[in-house]
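Written out below as structure tokens is the structure these notes cover.
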Amino acid sequence: MESSSFYEHVYALVRLIPEGRVTSYGAIAKALDKEGAARQVGYAMANAGKAMPPVPAHRVLNSKGELSAKAAFGHPTLMQQLLENEGVVIENDRVVNLKSVFWDPLTEL
DNA sequence: AGTCTGACTGGAG
DNA sequence: TCTCCAGCCAGAC
């Protein structure tokens with residue numbers, strides 16, 4: 001069933017991210033065999049807010065573990081709190097121990 | 001069909 | 001560790 005658009009594939013993969021874990025736009029793009037389309041993944045997440053079922057977009061960060069999407073959650077600290085609520089430690093808008101909480105769809109899936 | 005945009009990435013200074 | 005630069009691709013107009 002490849003009738004879905006690129007965005008749909010992104011949403012589906014993001015919904016597979018376990019609680020308390022995070023991944024990067026590039027990792028998702030690569031998992032979809034579109035490594036160079038990391039920006040598109042982020043752009044897709046922008047629509048994730050109105051996507052159904054809801055997508056845990058707060059678990060998707062950039063390759064540096066920065067909360068680059070926090071501004072899109074309505075409140076600058078909402079994304080951070082959602083992650084901390086799942087056990088992810090955030091400091092200065094960045095994930096601490098990124099390596100420990102990073103979820104690579106190519107490896108874990 | 002052409003142009004613009006962006007929740008990105010990795011390398012260089 | 002931080003800032004700056006150029007390359008990337010799918011989607012909206």
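Naming convention: chains lettered A, B, ... in sequence-line order (proteins, then strands); numbering from 1 in each chain.
- Residue-to-nucleotide proximity on DNA chain C shows that, of A:F6 and A:N92, the 5′-proximal contact is made by A:N92.
- Taking atom CG on A:L78 and atom C1' on B:dA7, their separation rounds to 14 Å, with Å as the unit.
- Phosphate contact (OP1/OP2 of C:dC2, side-chain N/O of A:R94, threshold under 4.0 Å): present.
- For the atom pair A:L32 CG and A:E8 CD, the distance stands at 12.0 Å (nearest 0.5 Å).
- A:R39 contributes a side-chain N or O that forms a donor-acceptor pair with the base of C:dG7 under 3.5 Å.
- Rounded to whole Å, the distance from CD on A:E66 to P on B:dG10 is 12 Å.
- Remark: B:dA12 base-pairs with C:dT3. Criterion, Watson-Crick or G-U wobble with two distances under 3.5 Å.
- For the atom pair OG1 of A:T23 and CG of A:L98, the computed distance is 9.0 Å after rounding to the nearest 0.5 Å.
- Using a 4.5 Å cut-off on side-chain heavy atoms (C-beta onward), A:L82 and A:N85 make no contact.
- The structure places CG of A:L13 at 5.0 Å from CH2 of A:W103, a figure rounded to the nearest 0.5 Å.
- Between the CG atom of A:N47 and the P atom of B:dT5 there is a distance of 18 Å, given to the nearest Å.
- The side chain of A:S63 places an N or O atom within less than 4.0 Å of a non-bridging phosphate oxygen (OP1 or OP2) of B:dT9.
- Annotation: of the two residues near DNA chain C, A:K64 and A:A38, the 5′-most nearest-nucleotide partner is A:K64.
- Between the NZ atom of A:K30 and the C1' atom of B:dG10 there is a distance of 14 Å, given to the nearest Å.
- Side chain A:Y43 to base C:dA10: no donor-acceptor pair is found below 3.5 Å.
- Considering CG of A:D104 and OG of A:S24, their distance stands at 7.5 Å, rounded to 0.5 Å.
- One interatomic measurement links the two molecules: CG of A:D93 to C1' of B:dA7, which rounds to 13 Å at whole-angstrom precision.
- A close approach under 4.0 Å does not occur between any side-chain nitrogen or oxygen of A:S24 and OP1 or OP2 of B:dC8.
- Base contact: A:A57 has a heavy atom under 4.0 Å from a base atom.
- Results of the side chain to side chain donor-acceptor pair (under 3.5 Å) test with A:H58 over A:E86, A:K70, A:Q80 single out A:E86 as the only residue that passes.
- Under the Watson-Crick or G-U wobble criterion, with both distances below 3.5 Å, B:dA7 is left unpaired in every strand shown.
- Between the CG atom of A:D33 and the P atom of C:dA10 there is a distance of 11 Å, rounded to whole Å.
- Along DNA chain B, the nucleotide closest to A:E35 and the one closest to A:K70 are compared, and the more 5′ of them pairs with A:K70.
- Picking from B:dT9, B:dA7, C:dA10 the nucleotide with the shortest atom distance to the side chain of A:K34 gives C:dA10.
- For the pair A:N62 CG and B:dG10 C1', the computed distance is 12 Å after rounding to whole Å.
- For the pair A:I28 CD1 and B:dT9 C1', the computed distance is 14 Å after rounding to whole Å.
- Note on A:Y25: a base of the nucleic acid sits closer than 4.0 angstrom, heavy atoms only.
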